[in-house]
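Below is one structure, written out as structure tokens; the observations come after it.
Lettering of chains follows the sequences in order, A, B, ..., and the numbering in each one begins at 1. Values below: every heavy atom of this structure, side chains too, minus hydrogens, waters and symmetry copies.
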Protein chains: 2
Amino acid sequence: MKLNTKTRYGLRAIIEIAMNSSEHGVLQKDIAKTQNISNKYLDQIIAELKSADLIVNTGGKKSGYRLNGDPKKITAYTIFKAFNSSLQLIDCMSSNECCKTKMCAAQSFWCGLNDHIVSYLQSKTLYDLVQEQSKIQKNNDLVMFYI
Amino acid sequence: MKLNTKTRYGLRAIIEIAMNSSEHGVLQKDIAKTQNISNKYLDQIIAELKSADLIVNTGGKKSGYRLNGDPKKITAYTIFKAFNSSLQLIDCMSSNECCKTKMCAAQSFWCGLNDHIVSYLQSKTLYDLVQEQSKIQKNNDLVMFYI
DNA sequence: TTGTATCCTACTAATCCGATAGGATAATAT
DNA sequence: ATATTATCCTATCGGATTAGTAGGATACAA
């Protein structure tokens with residue numbers, strides 16, 4: 001079980017956008033630089049965030065990206081779905097026939113895990129992540145100041 | 001994020017073994033039949049369960065496989081690790097340097113999800129799964145009886 | 001009109017994964 | 001003893017997915 005890189009990069013990107021939405025917005029190439037992601041690759045990631053209506057690029061090309069909506073209402077699950085369509089750990093989740101045998105304890109166990117993950121993703125909002133990120137940055141500043 | 005088939009099949013297999021350990025044990029080919037898994041493929045799965053010391057094949061080839069240990073002490077996480085070495089959703093989990101940038105909120109978020117999954121896997125024992133499986137089978141019998 | 005940033009589509013190289021194949025080994029039945 | 005059967009072990013293959021690149025179109029601004 002591994003998270004794909006688009007989801008990883010995508011979350012980092014939208015956190016950066018969320019942290020600068022109140023000001024001028026962020027240029028894609030600046031995200032690429034600070035997040036250390038190839039700008040070409042970021043093309044696709046930004047595109048998926050846009051088509052999921054999570055970010056907008058208002059007012060001409062130099063204005064940068066902004067968040068589309070309240071960060072307290074955008075959950076990590078929403079962001080996750082922008083890159084994964086949905087979370088489905090196993091294929092036979094919705095039916096009660098699993099792999100041509102009867103429904104089994106294994107199936108319901110994996111479904112339980114699936115639900116567990118989804119509710120974790122739903123419990124964290126983009127607002128939470130921004131809060132945490134700025135706390136981290138503040139700590140970094142302190143460390144740098146005192147050394 | 002997807003679960004690989006070896007883990008899926010492996011869990012089903014070890015549940016079947018656990019349910020028959022007190023009697024004669026289970027032959028691999030019988031597991032293959034009831035679980036609808038290619039016997040050749042099951043070769044590899046059984047091998048991994050064995051090298052993780054979760055099952056044994058005592059007393060000659062016709063005696064079948066048995067559980068090696070108390071099902072209340074074998075957790076789903078142990079079984080999971082037999083097929084996945086460990087759970088690591090992202091690569092940069094142990095270091096506080098993530099993808100050449102500073103430590104970030106995204107990283108700690110994914111680490112949190114990782115912990116969450118692990119503790120879910122640890123919370124379920126093989127005994128629990130066996131209990132659930134026999135309940136399911138009893139229900140199936142009831143349904144069949146009354147129809 | 002030149003430069004720069006985003007947008008859009010196609011492609012490639014690499015990796016992983018599910019499954020198969022073939023044969024060695026060992027125990028058992030006849 | 002010999003044939004049979006089940007497990008054991010290694011190699012391989014085809015397919016799918018994925019991370020990342022490439023190239024150019026569009027749109028806007030200096």
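When ring centroids are compared, A/Tyr120 and A/Phe80 stay outside the 6.0 Å threshold.
Between A/Lys124 and A/Glu132 a salt bridge is recorded (basic side-chain N to carboxylate O distance below 4.0 Å).
At whole-Å resolution of the value, CG in B/Asp30 and P in D/dT5 are 14 Å apart. The distance from atom NE2 of B/His24 to atom C1' of D/dA6 is 18 Å, rounded to the nearest whole Å. Between B/Leu49 atom CG and D/dT7 atom C1' the separation is 14 Å, expressed in whole Å. Rounded to whole angstrom, the span from the OH atom of B/Tyr41 across to the C1' atom of C/dG18 amounts to 4 Å. Atoms CG (B/Leu42) and P (C/dG18) sit 14 Å apart, rounded to a whole Å. Taking atom NZ on B/Lys33 and atom P on D/dT7, their separation rounds to 12 Å, with Å as the unit. If you measure from atom CG of A/Leu27 to atom C1' of C/dG3, you get 15 Å, rounded to the nearest angstrom. Atom pair B/Ile45:CD1 and C/dC17:P shows a separation of 14 Å (rounding to whole Å applied).
Between B/Tyr9 and B/Tyr41, the ring planes lie perpendicular to each other; the angle is over 60°, past the 30° to 60° tilted range.
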Please list each protein N or O that sits under 3.5 Å from an N or O in nucleotides 12-14 of chain C, with the distance.
none

Report, one pair per line, the protein and nucleotides 9-16 of chain D atoms (nitrogen or oxygen only) whose separation is under 3.5 Å.
| from | atom 1 | to | atom 2 | distance (Å) |
| --- | --- | --- | --- | --- |
| D/dC9 | N4 | B/Asp43 | OD2 | 2.9 |

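When distances run from any side-chain atom of A/Asn57 to the nucleotides C/dA5, C/dC7, D/dT7, the shortest one goes to C/dC7.
The nearest heavy atom of DNA chain D to A/Asn4 and to B/Asn39 marks one nucleotide each, and the one closer to the 5' end goes with B/Asn39. Across the interface with DNA chain C, nearest-nucleotide mapping of A/Met1 and A/Gln28 shows A/Gln28 to be the residue nearer the 5′ end. Nearer the 5' end of DNA chain C, as judged by each residue's closest nucleotide, is the contact made by A/Val26, out of A/Val26 and B/Thr5.
Between the side chains of B/Lys6 and B/Gln44, at least one donor N or O sits under 3.5 Å from an acceptor N or O. Defined by atom type and a distance below 3.5 Å, a donor-acceptor pair is present between the side-chain atoms of B/Asp43 and B/Gln28.
Backbone-only contact: A/Tyr65 has heavy atoms under 4.0 Å from sugar-phosphate atoms and none from a base.
Taking side-chain N and O atoms only, B/Tyr9 has a distance below 4.0 Å to OP1 or OP2 of C/dA19. The phosphate of D/dA19 (OP1 or OP2) has no side-chain N or O of A/Ser38 nearer than 4.0 angstrom.
Within the 4.5 Å cutoff, the side chain of B/Asn84 has no heavy atoms near those of the A/Met1 side chain. Side chains of B/Thr75 and B/Ile79 form no contact here, defined as non-hydrogen atoms less than 4.5 Å apart.
Under a cutoff of 6.0 Å and an axis angle of 45°, B/Lys72 and B/Tyr127 form a cation-pi pair.
The two residues A/Val56 and A/Leu67 have their closest heavy-atom pair at CG2-O, 4.4 Å.
Taking OG1 from B/Thr34 and NZ from B/Lys29, the interatomic distance works out to 12.0 Å, rounded to the nearest 0.5 Å.
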